[in-house]
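First up is the structure itself, then whatever we jot down about it.
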Amino acid sequence: MPASWVSPAFFVSPSLPSAENLLRWYHVHRRILPWRAGPGSLPDPYHVWLSEIMLQQTVVATVIPYFHRFIERFPTISDLAVAADDEILGLWAGLGYYARARNLIRCARAVAEAGGFPVTLDGLRALPGIGPYTAAAIGAIAFDIPVVPVDGNVERVTARMFAIEEALPAAKDAIAVAAARLGAQAAAQSRPGDFAQALFDLGATVCTPRSPSCMVCPWRDGCAAHARGLSADLPRKAKRAARPVRRGTVFVMQDRSGMIGLRRRPPRGLLGGMLEVPGTDWEATAPPPVPPCAAHWLDAGTIVHVFTHFELRLTVKVGRVAALPGGIVAAPPDTPLPTVMRKALEAGLAVLDERSPK
DNA sequence: AATCCGGGGTT
DNA sequence: AACCCAGGATT
């Protein structure tokens, strides 16, 4: 038989990975997560939405305690919609990507106003904080809209199944097309929510980034990367730039009643709208440290915190003050803070405690 | 298309 | 220490 009778695609994917096989695997191996409903039943859209926002670039284990605290405090989206911004931002403190929390508030109020979530992808996509991925995820999981949400897991699984060797992010379109092909199978179309979550779970527990467990994979037979011994090498990714270092100084102030001096950051940008320990700007070379008020400043060392695109080294000074200066808000030491500011505050308070323990 | 935007789990 | 995570908004 002439080789030309056989299309190259035949060698790339001998047989499409079976949606039915994956769903059968999912029935046995699915993760039990607080925002999930039982197999075959649709979960609460509010729970799905809240979990999806929290899960953006955040691992499941980190999200779970935050999710529980939110659901306990805000049992319905209406409870969330009428809450004060500060309380919501406080509950979000430490989770990161604070624009998510600001969009969460706007989205909750829009949904409460409308009387419920839109049930179309375009309607979901129009809400604050909901992009193409999250719209597809909520649509599939909460409303059984037949669509494949393409997150990092699905990108990885799909790139391997079809042995897509082009590097990300250039390969995004090709991967999305291939993922849609997986979802076009009848079994996936009939259970879009389970199919999406099955892909997530396969990527999270079997088709993992570093050393995938191909021996127990329900899709091994249909996996072109496995056939070529490429599984652990895909998807390829473009190299990232090195992370620069920025430096600054913060001043931890404690008054006689034990209150700490904090400052509200501008509403947008890095740590937008969150509280911070007052200090200098953050530059490549440390700006001159100008204390916010006169005090006997003690050295509390340096804390290091890694952000997505730079590393921050903060020199921490600490002092007791008779009265907090103007423009500074007095807050108790356990006030919810972004992690970098929590680190700085703890470093300062540790030095005070060691000098004059209570 | 690039860049900005946290924090931490995993290896 | 590097990589990556149920990405979105902005420029």
Side-chain angles (χ1 to χ4, degrees), chain A residues 30-31 33-36 43 47-67 89 92-104 106-107 124-142 147-157 168-170 172-173 176 179 193 195-205 207-213 232-233 235-244 246 265-274 276 304-312 337-343:
Chain A
R30 72 190 192 92
R31 293 175 291 176
L33 300 171
W35 45 86
R36 282 188 174 172
H47 291 188
V48 175
W49 164 72
L50 179 60
S51 69
E52 286 299 339
I53 301 301
M54 289 182 164
L55 286 162
Q56 287 167 5
Q57 293 295 289
T58 309
V59 294
V60 166
T62 300
V63 164
I64 288 175
Y66 284 87
F67 180 83
L89 290 174
W92 196 277
L95 193 53
Y97 282 147
Y98 299 97
R100 293 185 295 173
R102 303 193 296 272
N103 287 329
L104 184 85
R106 295 172 52 208
C107 186
L124 289 165
R125 175 68 184 80
L127 291 167
I130 298 184
Y133 161 75
T134 305
I138 297 173
I141 298 169
V147 62
V148 179
V150 182
D151 72 330
N153 287 310
V154 179
E155 269 184 354
R156 185 172 57 254
V157 170
L168 286 168
K172 273 201 173 289
D173 286 350
F195 186 72
Q197 293 175 94
L199 284 173
F200 297 161
D201 287 12
L202 186 70
T205 66
C207 197
T208 54
R210 305 289 187 91
S211 51
S213 305
D233 298 329
R236 303 191 198 285
K237 301 204 172 184
K239 286 197 173 181
R240 315 177 170 183
R243 220 191 309 270
R246 295 186 198 173
R265 290 180 62 86
R268 278 180 287 278
L270 186 71
L271 308 179
M274 304 301 291
E276 70 173 354
V304 178
H305 188 77
V306 179
F307 290 95
T308 304
H309 52 297
F310 66 95
E311 175 182 315
L312 180 62
L337 291 172
T339 298
V340 59
M341 295 302 160
R342 173 54 53 190
K343 286 183 190 174

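Order of the sequence lines fixes the chain letters, A, B, ..., with proteins taken first and strands second; residue numbering starts at 1 for each chain.
Residue A/Arg342 is classed as having no contact, given no heavy-atom separation below 4.0 Å to the nucleic acid. A/Leu33 comes within contact range of at least one nucleobase, with a heavy-atom separation under 4.0 Å. Counting non-hydrogen atoms under 4.0 angstrom, A/Trp35 reaches a base of the nucleic acid. Note on A/Pro149: nothing from the nucleic acid sits closer than 4.0 angstrom, heavy atoms only.
Between the P atom of C/dA6 and the CD1 atom of A/Ile130 lies a distance of 19 Å, rounded to the nearest Å. As a whole-Å value, the separation of A/Lys237 NZ from C/dC3 C1' is 8 Å. Atoms CZ (A/Arg30) and P (C/dA6) sit 17 Å apart, rounded to a whole Å. One can place CG of A/Leu124 at 16 Å from C1' of C/dG7, the figure rounded to the nearest angstrom. Rounded to whole Å, atom P of C/dC3 lies 7 Å from atom CZ of A/Arg240. In this structure, A/Leu55 places its CG atom 12 Å from P of C/dG8, rounding to the nearest Å. Regarding A/Phe67, its CZ atom lies at a distance of 13 Å from the C1' atom of C/dA6, rounded to whole Å. Here C/dG7 presents its P atom at 13 Å from CD1 of A/Ile138, a figure rounded to the nearest Å.
A 4.5 Å side-chain heavy-atom check between A/Leu124 and A/Trp49 finds every atom pair outside the cut-off. Counting heavy atoms from C-beta outward, A/Leu33 and A/Arg36 have side chains that approach closer than 4.5 Å. Between A/Cys107 and A/Asn103, the closest side-chain pair of non-hydrogen atoms is not below 4.5 Å.
The shortest distance between the side-chain N/O atoms of A/Arg102 and the OP1/OP2 oxygens of C/dG8 is not below 4.0 Å.
Between the side chains of A/Gln56 and A/Tyr133, no donor-acceptor pair is found at a separation under 3.5 Å.
Each of A/Ala204 and A/Pro128 lies near DNA chain C, and the nucleotide nearest A/Ala204 is the one positioned closer to the 5' end. Between A/Pro132 and A/Arg156, the one whose closest nucleotide on DNA chain C sits nearer the 5' end is A/Arg156.
C/dA6 and B/dT3: their P atoms are spaced 25 Å apart (whole Å). Look at the P atom in both B/dG6 and C/dT11: the space between them is 15 Å, to the nearest Å. Taking the P atoms as reference points, C/dG7 lies 16 Å from B/dT10, given to the whole Å.
Within the 3.5 Å criterion, the main-chain N or O of A/Gly129 finds no donor-acceptor partner in the side chain of A/Arg100.
The residue from A/Lys343, A/Arg265, A/Met274 that alone fulfils the side-chain contact (heavy atoms from CB on, under 4.5 Å) condition with A/Pro338 is A/Met274.
On a pure distance criterion of 3.5 Å, a polar donor-acceptor pair joins the side chain of A/Arg31 and the base of C/dA6.
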Per-nucleotide protein contact string for nucleotides 4-11 of chain B, where B marks a base within reach and S marks sugar-phosphate only (heavy atoms under 4.0 Å, - for neither): SBBBSS-S
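Under a 4.0 Å N-O distance rule, the pair A/Asp201/A/Arg30 does not qualify as a salt bridge.
For the atom pair CG of A/Leu50 and CH2 of A/Trp35, the computed distance is 9.0 Å after rounding to the nearest 0.5 Å.
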